[in-house]
Amino acid sequence: MRILLLNGPNLGRLGTRQPEVYGTTTLAEIEAACAEGAASHGHTLTAFQTNHEGALIDRVEQRDYDAIVINPGAWTHYSYAIRDALAACDVPVVEVHISDVGAREEFRKVNVLVGVVAHSVVGRGWPGYLEAIDWLAAHAT
Ligand code: DQA
């Protein structure tokens, strides 16, 4: 299975961005760990991060993957364009949030992706990405 790992806005700064909320692990370290996790199940992983909504949609439209793991960052809470792109991609999508969005500000409790993702991993820190890959390996092969 070819897994596409997507990270949205501000997640390129993981490691130094609000470490008290998101930890000190960098996105490069997370992507490397996810590639190893995917390989341990016999799968491949390609990673892409962008701060630009259209760039993420363009990447999804490439359709060169069998499953998606995505942390959409703040787009989670308001982007119907990202929701539509994921709804149209025709593969299982697992959503990851490093922090416990349900226990933070009110606006983070709104999730416009509900109904288009197959599974969500929330508030498990960066290892939540590995849980998402494990979930795909168990449910999407
Ligand atoms: C996040 C939570 C979002 O509310 C926030 O905008 C992010 C990161 C998380 O991983 O906990 O950028 O998706």
Side-chain angles (χ1 to χ4, degrees), residues 1-41 43-141:
M1 175 168 58
R2 298 163 301 168
I3 299 171
L4 178 62
L5 171 63
L6 296 173
N7 277 280
N10 302 303
L11 292 164
R13 292 198 52 236
L14 286 175
T16 53
R17 173 195 180 195
Q18 293 179 277
E20 69 284 6
V21 178
Y22 300 112
T24 54
T25 307
T26 66
L27 183 59
E29 290 168 338
I30 292 169
E31 289 172 347
C34 286
E36 272 182 39
S40 75
H41 293 292
H43 305 310
T44 61
L45 182 135
T46 303
F48 179 70
Q49 187 273 331
T50 181
N51 295 325
H52 304 280
E53 199 173 18
L56 190 102
I57 294 166
D58 288 345
R59 185 66 190 82
V60 170
E61 285 187 350
Q62 288 181 28
R63 301 175 71 93
D64 56 353
Y65 48 79
D66 305 302
I68 290 177
V69 172
I70 182 168
N71 184 342
W75 290 330
T76 309
H77 313 301
Y78 66 87
S79 177
Y80 296 114
I82 298 295
R83 179 193 166 93
D84 283 352
L86 296 176
C89 75
D90 295 327
V91 300
V93 178
V94 180
E95 167 196 18
V96 175
H97 296 289
I98 296 169
S99 66
D100 182 0
V101 283
R104 298 180 62 193
E105 301 96 323
E106 281 302 307
F107 76 88
R108 293 187 208 276
K109 294 178 184 162
V110 176
N111 185 337
V112 302
L113 305 181
V114 170
V116 301
V117 300
H119 186 62
S120 299
V121 181
V122 178
R124 311 281 287 173
W126 79 263
Y129 288 92
L130 299 178
E131 287 187 33
I133 289 164
D134 290 345
W135 189 91
L136 282 172
H139 294 91
T141 45

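For the single chain, residues carry numbers from 1 onward in sequence order. In each ligand, atom 1 is the first atom listed, and ligand 1 is the first ligand listed.
For atom 5 (C) of ligand 1, the closest non-hydrogen atom on the protein side is Arg108 NH1, 3.3 Å. Among protein heavy atoms, the minimum distance from atom 11 (O) of ligand 1 is reached at Ser99 OG, 2.6 Å. Scanning the protein heavy atoms around atom 1 (C) of ligand 1, the nearest turns out to be His97 ND1, 3.7 Å.
Between Asn71 and ligand 1 there is a heavy-atom distance shorter than 4.0 Å. Not a single heavy atom of Lys109 lies less than 4.0 angstrom from ligand 1. Residue contacts with ligand 1: Val101 is included, with a non-hydrogen atom under 4.0 Å away. The shell of residues lying under 4.0 angstrom from ligand 1, judged by heavy atoms, excludes Trp75.
A donor atom on one side chain and an acceptor atom on the other are found under 3.5 Å apart for Glu53 and Ser79. Arg104 and Ser99 share a side-chain donor-acceptor pair at under 3.5 Å.
Side-chain N or O atoms of Tyr65 include none that pairs as donor or acceptor with a backbone N or O of Leu5 at under 3.5 Å. Arg13 contributes no side-chain N or O that, together with a main-chain N or O of Leu27, makes up a donor-acceptor pair within less than 3.5 Å. A donor-acceptor pair is defined here as one N or O able to donate and one able to accept, closer than 3.5 Å; no such pair exists between the side chain of Asn71 and the backbone of Asn7. Side-chain atoms of Asn10 do not come within 3.5 Å of backbone N or O of Asn51 as any donor-acceptor pair. With hydrogens and angles ignored, the 3.5 Å screen pairs no side-chain donor or acceptor of Gln49 with any backbone N or O of Leu6.
Between Phe107 and His77, the ring planes are perpendicular. Angles over 60° get that label, and only those under 30° would be called parallel.
For ligand 1, the polar-atom distance check against Ala74 finds a nitrogen or oxygen pair separated by under 3.5 Å. Residue Arg104 has no nitrogen or oxygen atom sitting less than 3.5 Å from a nitrogen or oxygen atom of ligand 1, judged on distance alone. Where the criterion is an N or O separation shorter than 3.5 Å, residue side chain and backbone included, Ile98 meets it with respect to ligand 1.
Using a 4.0 Å cut-off between heavy atoms, Arg17 contacts ligand 1 through its side chain alone, with no backbone atom that close.
Within the listing of ligand 1, atoms 5 (C), 7 (C), 8 (C), 9 (C), 11 (O) sit less than 4.0 angstrom from a heavy atom of Tyr22. Taking every non-hydrogen atom of His77 and a distance limit under 4.0 Å, the qualifying atoms of ligand 1 come out as 3 (C), 4 (O).
Nearest heavy-atom pair, Thr24 versus Pro19, reported as atom, atom and distance to 0.1 Å: CG2-CB, 4.0 Å.
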